[in-house]
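Because only heavy atoms are used, hydrogens play no part in the values below, and waters and symmetry mates are left out as well, while side chains stay in. Below, chain A is the first sequence line, B the second, and so on; all start at residue 1.
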Protein chains: 4
Amino acid sequence: MSKINVTIWNEFRHEKQNEGIKAIYPEGLHAAIARGIAADDLNIRLASLDEPEHGLTDEVIQSTDVLIWWGHCAHAEVRDDIVAKVLKRIHEGMGLIVLHSGHFSKIFKAVTGCSGSLKWREAGEKERLWNIAPWHPITQGIGEYFELAHEEMYGERFDIPRDAEIIFLSWFEGGNVMRSGFTLERGYGKVFYFQPGHESYPNFYDENVLRVIGNAVRWAKPVFFREMCAPCYPALEEIRSVDTAPKAAVLQNADGTNK
Amino acid sequence: MSKINVTIWNEFRHEKQNEGIKAIYPEGLHAAIARGIAADDLNIRLASLDEPEHGLTDEVIQSTDVLIWWGHCAHAEVRDDIVAKVLKRIHEGMGLIVLHSGHFSKIFKAVTGCSGSLKWREAGEKERLWNIAPWHPITQGIGEYFELAHEEMYGERFDIPRDAEIIFLSWFEGGNVMRSGFTLERGYGKVFYFQPGHESYPNFYDENVLRVIGNAVRWAKPVFFREMCAPCYPALEEIRSVDTAPKAAVLQNADGTNK
Amino acid sequence: MSKINVTIWNEFRHEKQNEGIKAIYPEGLHAAIARGIAADDLNIRLASLDEPEHGLTDEVIQSTDVLIWWGHCAHAEVRDDIVAKVLKRIHEGMGLIVLHSGHFSKIFKAVTGCSGSLKWREAGEKERLWNIAPWHPITQGIGEYFELAHEEMYGERFDIPRDAEIIFLSWFEGGNVMRSGFTLERGYGKVFYFQPGHESYPNFYDENVLRVIGNAVRWAKPVFFREMCAPCYPALEEIRSVDTAPKAAVLQNADGTNK
Amino acid sequence: MSKINVTIWNEFRHEKQNEGIKAIYPEGLHAAIARGIAADDLNIRLASLDEPEHGLTDEVIQSTDVLIWWGHCAHAEVRDDIVAKVLKRIHEGMGLIVLHSGHFSKIFKAVTGCSGSLKWREAGEKERLWNIAPWHPITQGIGEYFELAHEEMYGERFDIPRDAEIIFLSWFEGGNVMRSGFTLERGYGKVFYFQPGHESYPNFYDENVLRVIGNAVRWAKPVFFREMCAPCYPALEEIRSVDTAPKAAVLQNADGTNK
């Protein structure tokens, strides 16, 4: 069985610019995720914003089965043409996992069609993530809930589409709730959004967070890659109505006289 | 009761460049729709691609309740910045009705997150549209089905999101089927896609097609306009977990030594 | 404009058997709801378990536009034949609003196809109901959230179908979350479930609870009543494949020799 | 890896009472399905209406992973208590595959909450089933469509719930369309409805029909069996609002004086 090619994309700015964050994720949070989900069936690469083509060359995109995305302060710097290539590849089958502040990334907005708006608060409060899809591949090994001692609050109303299949619902100590894990299908590709992962908390070392991300990678693995096309398609049955077209009536109508 | 402000946007190229199509829609198909759905509760304006800003100035967008969109051969010429403004306004509450070949327009792709791919065939064949949502406001006055003597075939698999609420399912003489009418909600705005309306057939004079579009306009009317925002939100409950943050443990984890 | 015929059905046992509950709802909680939502466009009747046919005679069912249902300790005593009649009428167009402990009623299970299982706790704790569908008719007049000082906790995982359109998400002081308001469509009828309303708290006097119920009544009003039928339907197109049936091949296959 | 326990339930009346049908399925159509999907990973049993307890004893239900259901003329004879046991087991994780005329069975109505109404016609016409979920496990090995030379027409409007994920859309020669394959989730169990399989056509020998049923069995295999429960659940957070209950205000409100 061939390995799943995973590319973990990180904006990778906070970890360079802020000493406190650097202390938590010295090599970048993408590196922490990579170590945390490392397994024999995964072939993991890292990519980040400041690499040429954001590390997402055509070759990388074409050879990625599942793309993990973390961005925050520099969403606007991500090139539109690269987002378009990523979106096209999702439609062809590539999986996408968007983490935390990626809810405002160009690729999240592109797959959801929504604004991604929500409430937020940095107060180091407790988050309790309730597992409401216990049979789903993404929640295997997770109990009825798990907790994070400190996470940024993200709260409703979260502007996401109605076909979001809710996997986790979160309770926040400060009084908010959040659809904090959900799946979508777009084209032939599978998408998972997962709320945890603020840069100033060490939650990408949390075993439940890592287990969810690892499960999501296997779930989002493409069944196949297939180009989306719009073929001119031959008739499978005889078409008999062609010659009877009421052309005269059409022109009369087009004169506007009887409408 | 105030009127609904409707803007009908048409690419408006075929009608100028092709004599046969001009004969059907001499003033453009948008003008035919406008005449066909005219009513006391509607205030209708026209806009088209070759006008300055495609006829979609900020003032027009801000004062539109429901936008109807028809495009085909020049999707790529529609400016990205204007599409972004239209999308933002949909999120704030504006209704959108996408017709026929608009399935490949930038705004359709933006709201669906999908490619819009489908099969097609220009064979003048019969289409029978089955009404599968008889209680829906969009189908009031429509029987269990209606027919178009000649329409371009659009067939499955149609790449649309799973939250598409199906209103019409079409049978085509040549052997294809199509989810030919469906609704979506994006942000605070309502979206309706409707398959009929190829430029070379006079179907925008058909009373059922016009009734559906007219119904859809009333259905898609905004409940309100409200800007999407992402507020920093104060805690509603006391947060007691702050001081207990295991900072030391965090740094240990960040060293990578125990992961 | 004709009035909406609303029937409020209550098990009406707690209020007779428990002095504390009788003190809150001396005439039954259905009477409190009736007074609380009374308006010129509503024609409200009461019905309860211990009346003949549970107060749901054929005449009552046939003349009800929207049925409100509260039950708790005596779900099993509700006659199956009456539930079947109610379900049939919902399929024909009647609206249904299920309150609180009605999540385990026969009619709730019948329309959802699910078990209705959930977590619960009677601790008089605070519930905060977040409005996540601000454009929906059911939430008009409700802000981004409202609170109940004391309510029974109902918590996830709540076993409901995936087409539940979530209207409210609740935060409970004790650490749980709940999809506390959602809509469904079944047949031609609309269904709304709303979590508040434990018999030992006076929440059917709360103005937000009453506003939501009143809004839901108008939303669930039938567009029409239409009997569900399964007609033998004539062909609309010529069927040419009949005579070519490979009967011999069929029989061969049926012999099991070549399968 | 343990085998999947499949029970194929058939009403098994037509095959005994009608010579033409007996000629097609001499041992019953359930036996034909069993032979058609036989494979090393499946452990298949047969059950039918006229056996004691319809062949669905507690032991059989408890040891079934996926139940296939075909019924037609005797839906009403299926015992309610056995349907209730089957439904309970679905909620606990058992898969269910309902075939053809099973759309009017008690178990189909129980899981959908809908009436299952549709149009029908016995005219031996051609059906073309379009695969609109090519990535789905149920359609693997199926091309973009497959055809049945003769099948009973089932047509829209088909009364099914909105969370039906559509897998197949059918075109019928006589002019109808049908959502002819769809999935649901109820409780922890997966459900698939598949339209082909009228008793008077040999379509349970068709390799595509058999492949779809075989795929569906693997897809519907339980992730786990877990009893649905409704626990009284302890608070995870301190509840501070209890003592502040405005009891006096409550009683005042209950007097109805200020409402």
Flag the pair D:Ile33 / D:Trp70 as yes when at least one side-chain heavy-atom distance between them is below 4.5 Å, and no otherwise.
no

Of the listed residues (C:Glu165, C:Arg157, C:Glu185), which shares the most heavy-atom pairs with chain D below a 4.5 Å separation?
C:Arg157

Counting neighbours of CD on D:Glu227 that are heavy atoms of other residues, nucleotides or ligands and sit closer than 6.0 Å, is the number greater than 12?
no

With a 4.5 angstrom heavy-atom cut-off, could you sort out which part of D:Cys232 is near chain C: side chain, backbone, both or neither?
both

If you tally heavy-atom pairs under 4.5 Å against chain C, which of D:Ala235, D:Gly175, D:Ala164, D:Gly36 wins?
D:Ala235

Measuring heavy-atom distances to chain C, does D:Leu87 have an atom under 4.5 Å in its side chain, in its backbone, in both, or in neither?
side chain

Are the aromatic rings of D:Phe158 and D:Tyr193 close, with centres under 6.0 Å apart?
yes

Would you please say whether a donor-acceptor pair under 3.5 Å links the side chains of C:Glu152 and C:His100?
yes

Side chains of D:Glu151 and D:His198: any donor to acceptor distance under 3.5 Å?
no

What part of D:Ala110 gets closer than 4.5 Å to chain C, counting heavy atoms only: side chain, backbone, both or neither?
backbone

Under 4.5 Å from any heavy atom of chain D, what part of C:Phe172 do you find: side chain, backbone, both or neither?
neither

Heaviest contributor of heavy-atom pairs below 4.5 Å to chain D, chosen from C:Lys88, C:Glu27, C:His91, is C:His91

Quick one: side chains of residues 113-121 of chain D, donor-acceptor pairs under 3.5 Å with protein atoms, not counting sequence neighbours, listed by atom name and distance.
unit_1	atom_1	unit_2	atom_2	d
D:Ser115	OG	D:Ser117	N	3.3
D:Ser115	OG	D:Ser117	OG	3.0
D:Ser115	OG	D:Asp159	OD2	2.6
D:Lys119	NZ	B:Glu144	OE1	3.2
D:Lys119	NZ	D:Glu156	O	3.0
D:Trp120	NE1	C:Ala230	O	2.8
D:Arg121	NE	D:Glu125	OE1	2.9
D:Arg121	NH1	C:Tyr233	O	3.1
D:Arg121	NH1	C:Pro234	O	3.0
D:Arg121	NH1	D:Asn176	OD1	3.1
D:Arg121	NH2	D:Glu125	OE1	3.2
D:Arg121	NH2	D:Glu125	OE2	2.8
D:Arg121	NH2	D:Asn176	OD1	3.0

Which one of D:Glu122, D:Met153, D:Met228 has the most heavy-atom pairs closer than 4.5 Å to chain C?
D:Met228

Need one label for C:Phe104: side chain, backbone, both or neither, based on atoms under 4.5 Å from any heavy atom in chain D.
side chain

Please lay out, stage by stage, how C:Arg226 and C:Glu92 fare under the test salt bridge (charged side-chain N to carboxylate O under 4.0 Å, His left out).
CA-CA 5 Å; C:Arg226 192 176 296 174; C:Glu92 292 171 355; over 6 Å; no

